[in-house]
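All heavy atoms count here, side chains included; hydrogens, waters and symmetry mates do not. Below, chains carry the letters A, B, ... as their sequence lines are ordered, and counting in each starts from 1. The structure presented is a predicted model; accordingly, all values stated were derived computationally and were not measured.
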Amino acid sequence: MNRSISRNAIKKISDYLYEIPASFREDMKVPARIFVSEKMLEKALSDNSLWQLVNVATLPGIQKYALAMADIHQGYGFPIGGIAAVDIANEGAISPGGIGYDINCGIRLLASNNFFEEVKPKIKDVAFSIFNAVPSGTGKGGAISLKTKELEKVLQKGARYLLEKGYGIKSDIEFCEEKGAFENVDFTQVSSKAKKRGQEQIGTLGSGNHFLEIQIVDEIFDEKAAAILGLEKNQVTIMIHCGSRGLGHQVCTDYVHEILSKQDEWGYNLVDRQLACAPFNSIEGQNYLQAMKAAANFAWANRHMITHRVREVWQSVFGPDCKISTVYDVSHNIGKCEFYEIDGKRKELFVHRKGATRAFGPNHKDIPLEYRPIGQPVLIPGDMGTASYVLLGTQKSIDESFGSICHGAGRAMSRTKAKKQTKGFLLRQELEEKGITVCCNSDRGLAEEAPIAYKNIDEVINVVTGAKLAKKVARLKPIAVIKGD
DNA sequence: ATGTCC
C-alpha cells in the first residue's frame with residue numbers, strides 16, 4: 001500500500017490552506033483540507049498523517065471536508081490534529097479512532113490573583129507541593145478512592161457531582177465546556193473493567209504529554225478580551241493538561257474491539273481497519289456514544305478535582321485570601337452533536353475532534369454568558385518550556401472548520417526517537433537555567449517531551465490566526481513544569 | 001494516550 005502523498009497532489013488554496021481534491025483517490029467522498037503553511041506542510045508530508053486524512057475523507061456520511069490543522073501528526077487511524085463531521089440523519093458513522101484513546105483530553109486554565117514577583121520566591125515550594133498533591137505518572141492513582149456507586153455518579157454527572165460533594169467552587173463548573181458534564185448519560189455502557197481502572201484515578205495527572213504548569217502572562221495581544229477573561233500582564237496562571245486516564249483508554253479499547261467485529265455486517269470496507277466505525281444510529285454506535293460521554297464526564301471531574309487540589313495548595317502557601325479561578329476548560333479529544341449549515345440547509349452533524357479544539361465565535365449559546373460577546377476561549381499548550389496561548393474562536397472557524405482549530409504544537413518526532421536524541425538530565429538543566437522549576441521523577445519522561453520533539457508553537461498559532469479561525473488574546477510562559485514519568 | 005503486551 002502506497003502511503004506517501006506527493007506535494008504535487010496538494011493544491012494551494014491560500015497562504016494557510018491546502019487541499020487534496022476528492023479526485024485524488026476514488027474512495028474519497030469529500031476533499032481533504034489542511035490549514036497549514038507551506039513550510040509546515042513539508043513536515044506533514046514526512047509521516048503517514050496526510051494518507052490518514054485522505055482515509056478520513058472516505059468515512060460514511062462525512063460532510064464538506066476531512067480537515068486537519070498545522071499540528072497534524074500520525075495517530076490511531078485518524079491523524080491527530082484532525083476534524084471530521086458526519087451527517088447524523090444520513091448514514092453518518094461514529095468512529096472511536098476519530099476521538100482518540102484519551103477521551104476528553106483537554107486543557108483547563110486557572111488564574112490566580114497573584115503576580116510573578118509575589119510567587120517567584122516561593123515557586124519551588126508551591127510547585128513541589130502541587131506535585132505532591134496531584135499524583136502523576138503511568139498507572140498512578142491515589143488522590144481519592146471512589147466506591148463503584150460514587151464512580152457511577154461521576155460518569156453521570158461529571159464535575160457537577162464533585163461540586164455537590166464539596167470539591168471546587170461553582171464557577172469552576174460555569175467556566176467549563178458543557179458546564180462540566182454531558183447530561184442524561186447511560187453509564188451502564190462503560191465496562192466494569194473500565195470503571196475499575198478509574199476508581200483510583202480522579203484527581204491524577206497521568207503521564208506522556210500531560211502536565212501541570214505554573215505560568216506567567218507574558219504578553220497580551222487584546223487588552224479588552226484579556227480583561228473579560230480576567231488576565232493581566234505578569235499575573236500567575238496554572239494550566240492543567242490531562243484526560244480520562246485508564247478509564248477512557250479502556251472505553252476506547254472496548255468499543256474499537258466490538259465495532260471492528262461488525263464492519264462487514266454494516267457493509268463497511270475501509271482502507272484501514274483503524275478507521276473502524278459504526279452507523280451513528282446503530283445500537284453499537286449509540287452505546288459507544290454513551291460510553292464516550294461517560295468517559296468525558298470522568299475527565300472533566302478529573303480536571304475539577306485537580307483544580308480543587310491546586311486551590312488548596314495555593315491558599316496554604318500564599319494565604320487563605322488568595323483566589324484561584326477557572327478561566328476556561330476545553331476538550332481537544334471529543335465527539336459532539338452540533339448544527340451546521342450545509343448547502344443552505346441546517347443539519348445536525350456529529351463532529352469528531354481528535355487533537356482539535358472547539359473554537360466557537362462570539363454569541364454562540366454554548367459559551368458562558370460573560371464570554372459570549374468575545375467568543376469562546378481556546379487554550380493551546382506549547383511544548384514543554386516554551387509558551388502557551390489563549391485564543392478566541394471566530395465565526396470564520398464555524399464557517400470553515402466546524403468550529404475547530406489546532407490543539408497544540410503537535411509532535412514532530414516519535415517518543416522513541418525523542419528519547420534517543422535527548423539526554424533527559426541535560427534538558428532538566430536547560431529548563432532550570434531558563435528559570436523553570438521542573439517537578440518530574442524521571443529524566444526519561446522529560447526526554448520524551450523534549451522541545452525538539454515538537455513543532456514550533458508560534459508557527460502553528462500563526463496559521464490558525466492567519467487563517468482567521470482564531471484571535472490571539474495572551475501568551476503564557478512557564479515558570480514551573482509538573483509532569484509524570 | 002495507556003496497569004507502555006492478556
Side-chain angles (χ1 to χ4, degrees), chain A residues 47 49 52 71-82 95-108 135-143 145-146 151 190-212 240-258 260 274 291-292 295-296 298-300 302-303 306 331-335 352-357 381 383-384 407-420 424 440-450 453-454 483-485:
Chain A
D47 65 9
S49 57
Q52 292 188 320
D71 54 339
I72 185 173
H73 55 113
Q74 232 173 285
Y76 178 85
F78 290 57
I80 294 159
S95 176
I99 287 160
Y101 273 84
D102 191 2
I103 296 165
N104 192 5
C105 182
I107 304 285
R108 178 175 295 215
S136 62
T138 312
K140 277 284 169 60
S145 179
L146 297 177
L151 180 82
V190 176
S191 68
S192 45
K193 193 175 177 185
K195 286 193 281 193
K196 206 170 178 58
R197 287 180 70 171
Q199 279 180 287
E200 309 289 324
Q201 295 190 325
I202 282 288
T204 66
L205 204 52
S207 69
N209 67 352
H210 289 164
F211 66 79
L212 189 154
I240 300 162
H241 177 199
C242 64
S244 51
R245 306 290 331 275
L247 183 139
H249 193 271
Q250 191 63 46
V251 164
C252 189
T253 303
D254 290 343
Y255 282 90
V256 162
H257 187 253
E258 187 182 341
L260 261 175
Q274 293 187 356
M292 187 275 295
F298 182 90
W300 278 314
N302 189 25
R303 293 196 287 273
I306 294 173
S331 176
H332 51 231
N333 275 12
I334 204 162
H352 300 77
R353 293 192 180 93
K354 182 186 191 175
T357 316
D383 52 274
M384 188 170 51
H407 86 306
R411 272 200 173 272
M413 67 175 77
S414 69
R415 292 175 208 284
T416 18
K417 199 172 169 194
K419 268 185 284 191
K420 275 184 196 153
C440 179
N441 284 329
S442 88
D443 287 339
R444 189 197 63 170
L446 280 180
E448 283 188 3
E449 298 305 314
Y454 282 85
K483 67 186 296 302
D485 46 19

Quiz item: Within the modelled atom types, does a donor on one side and an acceptor on the other bring the side chain of A:Thr138 and the base of B:dT4 under 3.5 Å apart?
Solution: yes
Quiz prompt | d(CZ, A:Arg415; P, B:dT2) in whole Å | solution = 9 Å
Quiz prompt | Partner residues of A:His73 under the ring-ring contact (aromatic ring centres under 6.0 Å, His included) criterion, sequence neighbours left out | solution = none
Quiz item: Listed by chain and number, what are the side chain to side chain contact (heavy atoms under 4.5 Å, CB included) partners of A:Ala409, not counting sequence neighbours?
Solution: A:Asp383, A:Tyr454, A:Ile457
Quiz prompt | Closest heavy-atom pair and its distance - A:Met292, A:Ile334 | solution = SD-CG1, 4.2 Å
Practice problem: Quickly work out the A:Tyr255 OH to B:dT2 C1' distance and round it to whole Å. | Solution: 19 Å
Quiz item: Base, sugar-phosphate, or nothing for A:Arg444, non-hydrogen atoms under 4.0 angstrom?
Solution: base
Practice problem: From the options A:Val251, A:Leu151, A:Leu146, select the one residue that forms a side-chain contact (heavy atoms from CB on, under 4.5 Å) with A:Lys195. | Solution: A:Leu151
Quiz item: Taking the six-membered ring for Trp, is the centroid-to-centroid distance between A:His332 and A:His241 below 6.0 Å?
Solution: yes
Quiz item: To the nearest Å, how far apart are A:Asp254 CG and B:dC6 P?
Solution: 12 Å
Quiz prompt | Spacing between A:Tyr101 atom OH and B:dC5 atom C1', to the nearest angstrom | solution = 13 Å
Self-check item: Rounded distance in Å - CD1 (A:Ile80) to P (B:dT2)
Solution: 13 Å
Practice problem: Whole angstrom is fine here: how far is it from NE2 in A:His257 over to C1' in B:dC6? | Solution: 12 Å
Quiz prompt | B:dT2 phosphate, OP1 or OP2, under 4.0 Å from A:Thr253 side-chain N/O | solution = no
Exercise. Could you check whether A:Arg245 gets within reach of a base, just the sugar-phosphate, or nothing at all, counting any heavy atom under 4.0 Å?
Key: sugar-phosphate
Practice problem: Round to the nearest Å and state the distance from A:Lys193 atom NZ to B:dC6 atom C1'. | Solution: 7 Å
Quiz item: With a non-hydrogen cut-off below 4.0 angstrom, is A:Glu448 in contact with a base, only sugar-phosphate, or nothing?
Solution: nothing
Quiz prompt | Whole angstrom value for the distance that separates P of B:dT2 from CG of A:Leu247 | solution = 12 Å
Quiz item: Across the strands shown, which category fits A:Lys196 at heavy-atom distances under 4.0 angstrom: base, sugar-phosphate, nothing?
Solution: nothing
